[in-house]
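What follows is a short report on a single structure.
Hydrogens, waters and symmetry mates play no part in the numbers below; they use all other heavy atoms, side chains included. On a predicted model such as this, the values are computed, not experimentally measured, just so you know.
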Amino acid sequence: MRLVSIGCVLTAVLLSAGPAGANELHAQGHLSSYATTDLGGSDVTPVNRGQALAIACESIGAPGADVRVVMSFDSVKGEEPTGYEAVLLTGEMVQGNAVRFRIPDMADLVNHTVTLKVYVTSAQGTTACNAGHLRIV
């Protein structure tokens, strides 16, 4: 598996490599990795409530940058509305060019599709990294 360095991608240490460009989710300890081929495309990867993830974006490493992870709920046919449009995730930790966080462990999130974005504000302005679509199982 190759991780794309342009834009933003959910990333961490991989246990095994799969076909280049494939979407895969591997667990190692409490941190999982996810790589999307088109950085926000149509593929949806399943994740668990409470699962730890990391997103790498080029702009995260800027000195003094303010990093925020936002999980917005996609309008998918057959999914019951949660009452939330988007959630600002808290408890994130920035390490180098990556931000680590957990998917909220809320029963209301089960069987919902979300889009993850990282917003980075620095002296150069604000940028957004699109980390793609996840389905909370």
#### Entry: Verdict with supporting geometry, Ser59 and Cys129, side chain to side chain contact (heavy atoms under 4.5 Å, CB included)
CA-CA 9 Å; Ser59 56; Cys129 295; 4.2 Å; yes
#### Entry: Criterion side chain to side chain contact (heavy atoms under 4.5 Å, CB included) on Leu53 and Ile103, from CA distance to verdict
CA-CA 8 Å; Leu53 301 172; Ile103 298 295; 3.7 Å; yes
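- Counting all heavy atoms, side chain and backbone alike, Ala62 lies closest to Gln124 at CB-OE1, 4.4 Å.
- The closest donor-acceptor contact from the side chain of Arg102 to the backbone of Gly50 lies under 3.5 Å.
- Side-chain heavy atoms closer than 4.5 Å link hydrophobic residues (I, L, V, M, F, W, Y) into clusters, and following such links, even through other members, never connects Val70 to Val67.
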### Test side chain to side chain contact (heavy atoms under 4.5 Å, CB included) applied to Val137 and Asn48, step by step
CA-CA 5 Å; Val137 293; Asn48 295 313; 3.2 Å; yes
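- In this structure, a donor-acceptor pair under 3.5 Å is present between the side chains of Arg100 and Gln95.
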Sequence neighbours left out, cut at 3.5 Å: what donor-acceptor pairs do the side chains of residues 79-88 make with other protein atoms?
from: Glu79; atom 1: OE1; to: Thr113; atom 2: N; distance (Å): 3.0
from: Glu79; atom 1: OE2; to: Thr113; atom 2: N; distance (Å): 3.2
from: Glu79; atom 1: OE2; to: Thr113; atom 2: OG1; distance (Å): 2.7
from: Glu79; atom 1: OE2; to: Arg135; atom 2: NH1; distance (Å): 2.4
from: Thr82; atom 1: OG1; to: Tyr84; atom 2: N; distance (Å): 3.0
from: Thr82; atom 1: OG1; to: Tyr84; atom 2: O; distance (Å): 3.3

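- Between Val99 and Met93, the closest side-chain pair of non-hydrogen atoms is not below 4.5 Å.
- Hydrophobic cluster membership differs between Tyr119 and Val114, with clusters built from Ile, Leu, Val, Met, Phe, Trp and Tyr side chains linked at under 4.5 angstrom.
- Every residue was checked against the salt bridge (charged side-chain N to carboxylate O under 4.0 Å, His left out) condition with Asp108, not counting sequence neighbours, and none meets it.
- Of all non-hydrogen atoms in Ile136 and Arg49, the two that sit nearest each other are CG2-CG, 3.6 Å.
- Taken together through direct or relayed side-chain contacts under 4.5 Å among Ile, Leu, Val, Met, Phe, Trp and Tyr, Phe101 and Met106 form part of one hydrophobic cluster.
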### Task
Give the C-alpha distance, both sets of side-chain angles, the deciding distance and a yes or no for side chain to side chain contact (heavy atoms under 4.5 Å, CB included) between Ile60 and Val118.
CA-CA 9 Å; Ile60 289 177; Val118 177; 4.2 Å; yes
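- Side-chain contact between Leu116 and Val69: present, with at least one pair of heavy atoms (C-beta onward) separated by less than 4.5 Å.
- Applying the side-chain hydrogen bond (donor to acceptor under 3.5 Å, both in side chains) test to residues at least two apart or on different chains, the pairs with a partner in residues 61-75 are Asp66-Arg68, Asp74-Thr115, Asp74-His133.
- Under a 3.5 Å cut-off, the side chain of Asn97 and the backbone N or O of Cys57 do not form any donor-acceptor pair.
- At a threshold of 4.5 Å between non-hydrogen side-chain atoms, the residues Pro104 and Met71 count as touching.
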